[in-house]
Amino acid sequence: MSKLPLDFFLNNNVQEVAQNLLGQTIYTNINGNISSAMIIETEAYQGPEDKASHAYNNKRTKRTEIMYKNGGCCYIYICYGIHYLFNIVTNKINIPHAVLIRSGKVISGLEYIKKRRGNHIPNSKLLQGPGNFTKGLGIDMRFNGLYLDKKQIWIKNTSTVKKQIITAPRVGISYAEKYALLPWRYILKN
DNA sequence: GTGCCGATGATCT
DNA sequence: GATCATCGGCACG
């Protein structure tokens, strides 16, 4: 169980990285409080060609600039004014691919995660959904632009060799026309 | 379990 | 001023 090296994210196939991330364990350290989660749901966003991506057509703005960095970098943005969404930039510099992390399963730091989410939330739902995932792990805009080899955030290689993956269309992007139908959402079975 | 709906603000035109 | 890579609460039944 070793830390994932950053070159894991330099792969030029973002769909492959999104699938390889399933079963890996992500850690956050918020003021010394460490919590971790197994990644169980991801979505691939293939920048320039993908109408659902913020970087469609190589669009460069202040917000999307992070996506043009080298793979292994965190891309955080606010969705619907309320929720932080966590993406990992993939591929080489100037190629704006990214993987959205949608759901996880608590591995450690349950007490911190419950505190951030509220005690009435059942354990199985603590990190379900992209907004809940970031809230539970304490991820916010401070993480935007951080690489995954920092003391605040990192990923350990805990994926089993054999895993069963369910594919599905991505969520909340009906405006993306034919790209909305592509099965670029990946869910770990069980 | 499913379905509707308001909250809420950064971002871009 | 419009557009969202969402969530929780409430109404069903």
Side-chain angles (χ1 to χ4, degrees), chain A residues 9 13-22 24 26 28 37 39-69 71-91 95-106 113-146 148 153 165-188 190:
Chain A
F9 301 100
N13 184 332
V14 66
Q15 288 81 19
E16 196 173 297
V17 179
Q19 293 175 71
N20 290 344
L21 278 168
L22 295 175
Q24 313 291 4
I26 184 159
T28 59
I39 296 169
I40 60 176
E41 185 180 352
T42 60
E43 283 180 359
Y45 285 86
Q46 193 175 124
E49 306 83 32
D50 180 0
K51 191 156 189 196
S53 171
H54 294 162
Y56 179 54
N57 246 341
N58 281 309
K59 184 160 85 165
R60 287 187 101 117
T61 65
K62 192 172 179 189
R63 180 173 70 159
T64 63
E65 199 56 35
I66 296 275
M67 295 182 73
Y68 293 82
K69 299 215 303 175
C73 189
C74 297
Y75 170 43
I76 321 287
Y77 71 94
I78 293 180
C79 178
Y80 296 106
I82 315 171
H83 309 288
Y84 298 107
L85 266 59
F86 173 62
N87 300 253
I88 303 173
V89 174
T90 74
N91 215 323
I95 305 178
H97 292 183
V99 175
L100 170 67
I101 310 298
R102 292 191 60 86
S103 293
K105 167 175 173 262
V106 177
I113 293 170
K114 279 190 96 80
K115 197 165 185 177
R116 288 187 284 255
R117 290 279 287 123
N119 265 319
H120 60 289
I121 307 285
N123 284 4
S124 63
K125 297 214 167 162
L126 284 172
L127 303 175
Q128 192 165 103
N132 294 333
F133 181 85
T134 56
K135 189 173 181 190
L137 290 177
I139 295 171
D140 58 23
M141 291 309 291
R142 293 175 301 175
F143 288 76
N144 196 28
L146 283 186
L148 287 165
I153 187 162
I165 298 173
I166 300 165
T167 64
R170 293 172 294 177
V171 176
I173 55 154
S174 51
Y175 62 88
E177 299 163 13
K178 66 179 180 181
Y179 288 93
L181 301 175
L182 296 173
W184 286 359
R185 178 183 179 199
Y186 306 103
I187 305 157
L188 191 60
N190 301 333

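Order of the sequence lines fixes the chain letters, A, B, ..., with proteins taken first and strands second; residue numbering starts at 1 for each chain.
Atom CG in A/Asn144 sits roughly 12 Å away from atom C1' in B/dA10 (whole-Å rounding). For the pair A/Lys135 NZ and C/dG8 C1', the computed distance is 10 Å after rounding to whole Å. Between A/Leu85 atom CG and C/dC7 atom C1' there is a gap of 11 Å when expressed in whole angstrom units. Regarding A/Leu100, its CG atom lies at a distance of 14 Å from the C1' atom of C/dC4, rounded to whole Å. Whole-Å rounding puts the A/Tyr77 OH to C/dT3 P distance at 17 Å. Regarding A/Leu126, its CG atom lies at a distance of 13 Å from the P atom of C/dC7, rounded to whole Å. The distance between atom CZ of A/Arg63 and atom C1' of B/dT13, rounded to the nearest whole Å, is 13 Å. Going from atom NE2 of A/His120 over to atom C1' of C/dC10 covers 14 Å, rounded to whole Å.
When the nucleotides B/dA10, C/dG8, C/dC7 are ranked by their closest atom to the side chain of A/Pro130, C/dC7 comes out on top. Taking only side-chain atoms of A/Lys59, from C-beta outward, the nucleotide of C/dA5, C/dT6, B/dT13 with the closest atom is B/dT13. Distance from the side chain of A/Thr61 is smallest to B/dC12 among B/dC12, C/dG8, C/dA5. For A/Val171, counting side-chain heavy atoms from C-beta on, the closest listed nucleotide (B/dA10, C/dA5, C/dT6) is C/dT6.
Within the 4.0 angstrom heavy-atom criterion, only backbone atoms of the sugar-phosphate kind lie near A/Asn132; the bases stay farther away. Within the nucleic acid shown, A/Arg117 comes within 4.0 Å of sugar-phosphate atoms alone, with no base atom in reach, counting heavy atoms only.
For the residue pair A/Asn123 and A/Lys114, a side-chain donor N or O sits within less than 3.5 Å of a side-chain acceptor on the partner. Donor-acceptor pairing under 3.5 Å is lacking for the side chains of A/His54 and A/Tyr45.
For B/dA10, neither phosphate oxygen OP1 nor OP2 lies less than 4.0 angstrom from any side-chain nitrogen or oxygen of A/Tyr84. For the OP1/OP2 pair of C/dT6 and a distance below 4.0 Å, the side-chain nitrogens and oxygens of A/Arg102 include at least one atom meeting the criterion.
Between the side chain of A/Thr28 and the backbone N or O of A/Leu137, at least one donor-acceptor pair lies under 3.5 Å. Remark: the backbone N or O of A/Phe86 is not paired with any side-chain donor or acceptor of A/Thr134 at under 3.5 angstrom. In terms of modelled atom types and a separation under 3.5 Å, the side chain of A/Asn87 and the main chain of A/Tyr75 share a donor-acceptor contact.
No cation-pi contact links A/Arg102 to A/Phe133, judged by a cut-off of 6.0 Å to the six-membered ring centre and 45° from its axis.
Across the interface with DNA chain B, nearest-nucleotide mapping of A/Met141 and A/Ile82 shows A/Ile82 to be the residue nearer the 5′ end. For the pair A/Ser53 and A/Ile121, both in contact range of DNA chain C, the more 5′-proximal nearest nucleotide belongs to A/Ser53.
The base of C/dA5 does not come close enough to the side chain of A/Tyr80 for any donor and acceptor atom to sit less than 3.5 Å apart.
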Completion exercise
Base-pair string, DNA chain B, Watson-Crick plus G-U, cut-off 3.5 Å on both distances, | for inter-strand, is |||||||.||||.
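In summary, A/Asp50 and A/Arg170 engage in a salt bridge, as defined by a charged side-chain N under 4.0 Å from a carboxylate O.
With values rounded to the nearest 0.5 angstrom, A/Cys73 atom SG is found 7.5 Å from A/Asn144 atom CG.
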